[in-house]
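Scroll down for the structure; my scribbles are underneath it.
When a ligand or atom number is given, it counts from 1 through the structure's own listing order.
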Amino acid sequence: MRLKEQVAIVTGGGSGIGQASALRFAREGARVAIVDSELAAAEGTAARIRAEGGDALAFGADVGMPGTADANAAAVLAHWGRIDVLMCAAGFSCGGTVLTTAPDDWDAVFRTNVGGTWLWARAVVPAMQRQGGGSIITFASQLALAGGRGNSAYIAAKGAIMSLTRTMALDFAADGIRVNAIAPGAIDTPMLARGFGRQADPDAAREASRQRHALGRFGRAEDIAASALHLASDASAFTTGTTMVVDGGWLAA
Ligand SMILES: NC(=O)c1ccc[n+]([C@@H]2O[C@H](COP(=O)([O-])OP(=O)(O)OC[C@H]3O[C@@H](n4cnc5c(N)ncnc54)[C@H](O)[C@@H]3O)[C@@H](O)[C@H]2O)c1
């Protein structure tokens with residue numbers, strides 16, 4: 001078991017990549033707190049962990065709302081006494097160029113993706129400093145490295161997360177806290193389906209995206225969970241301030 005006795009918090013853990021990672025962390029011995037704006041979804045993941053014999057808490061919270069991260073992290077500490085891993089997977093995209101993105105949508109994308117990463121890191125770092133270490137995993141995208149059409153707020157937010165990841169890694173390296181981003185390719189989750197659904201021809205967009213991946217398939221949430229486990233565990237003890245690309249060869253094409 002690679003996370004035995006550890007405590008992990010997974011935002012966005014009610015669906016997709018966050019859910020698969022929460023389940024994987026629990027199978028590796030971690031107690032897992034799942035945070036999601038959809039409380040029922042968070043509770044569903046927690047129930048699956050408990051059904052497998054694990055220990056889980058569920059919180060319904062908007063990661064971009066100041067104050068909720070502090071309150072939820074305090075509840076985790078009160079329950080389990082430590083926080084070893086934070087994975088910030090809560091995120092969403094609204095689509096649109098800079099011309100077609102409404103200011104409120106731009107703000108919401110930044111508040112959730114970037115703000116939700118900042119506020120949650122801010123809430124857990126003091127506990128990690130007291131413990132002498134921890135691992136924070138953030139979520140970028142291959143699109144932040146390559147660019148992409150019709151998704152300006154999301155891609156800009158993912159670029160900001162990569163920069164925030166590097167600066168947090170430097171600020172807290174002396175505390176033994178490692179901070180790394182994962183940049184997935186297209187992963188078959190509800191978010192991906194919503195993205196194709198916004199295209200004029202969703203089926204054609206889906207097929208073109210699939211073909212761009214050198215491995216000839218979309219990623220599975222479990223593929224990303226395996227990488228998240230690597231970054232969460234001591235297997236990555238010398239890795240910090242970097243972005244791990246897990247894209248099935250998308251960037252190489
Ligand atoms: N699926 C992909 O192809 C892909 C590619 C690159 C990066 N990512 C990133 O991976 C992460 C996980 O994506 P996914 O595909 O699993 O998406 P998903 O939509 O399946 O799951 C995201 C979860 O986050 C929750 N969430 C959204 N906004 C929230 C908020 N403000 N507060 C709390 N919870 C909130 C949703 O309720 C949902 O349960 C995201 O950061 C996403 O940007 C995904």
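Ring geometry, Phe218 versus Phe196: the interplanar angle falls from 30° to 60°, so the pair is classed tilted.
Side-chain polar atoms of Arg178 and Ser236 form a donor-acceptor pair below 3.5 angstrom. Residues Asn180 and Thr239 have side chains that never bring a donor and an acceptor to within less than 3.5 angstrom of each other.
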Donor-acceptor contacts under 3.5 Å from residues 123-138 side chains, at least two apart:
from, atom 1, to, atom 2, distance (Å)
Gln129, NE2, Asp175, OD2, 3.0
Gln131, OE1, Ile83, N, 2.8
Gln131, NE2, Ile83, O, 2.9
Ser135, OG, Leu231, O, 2.8
Thr138, OG1, Thr165, OG1, 2.7

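Glu28 and Arg24 are joined by a salt bridge, as a carboxylate oxygen and a charged side-chain nitrogen come within less than 4.0 angstrom of each other.
Protein residues with any heavy atom under 4.0 Å from ligand 1: Gly12, Gly14, Ser15, Gly16, Ile17, Asp36, Ser37, Glu38, Ala61, Asp62, Val63, Ala89, Ala90, Gly91, Thr112, Phe139, Ala140, Ser141, Tyr154, Lys158, Pro184, Gly185, Ala186, Ile187, Thr189, Pro190, Met191, Leu192, Arg194.
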- prompt: Going through the checks in order, is the side-chain contact (heavy atoms from CB on, under 4.5 Å) test met by Val7 and Val85?
  reply: CA-CA 6 Å; Val7 172; Val85 176; over 6 Å; no
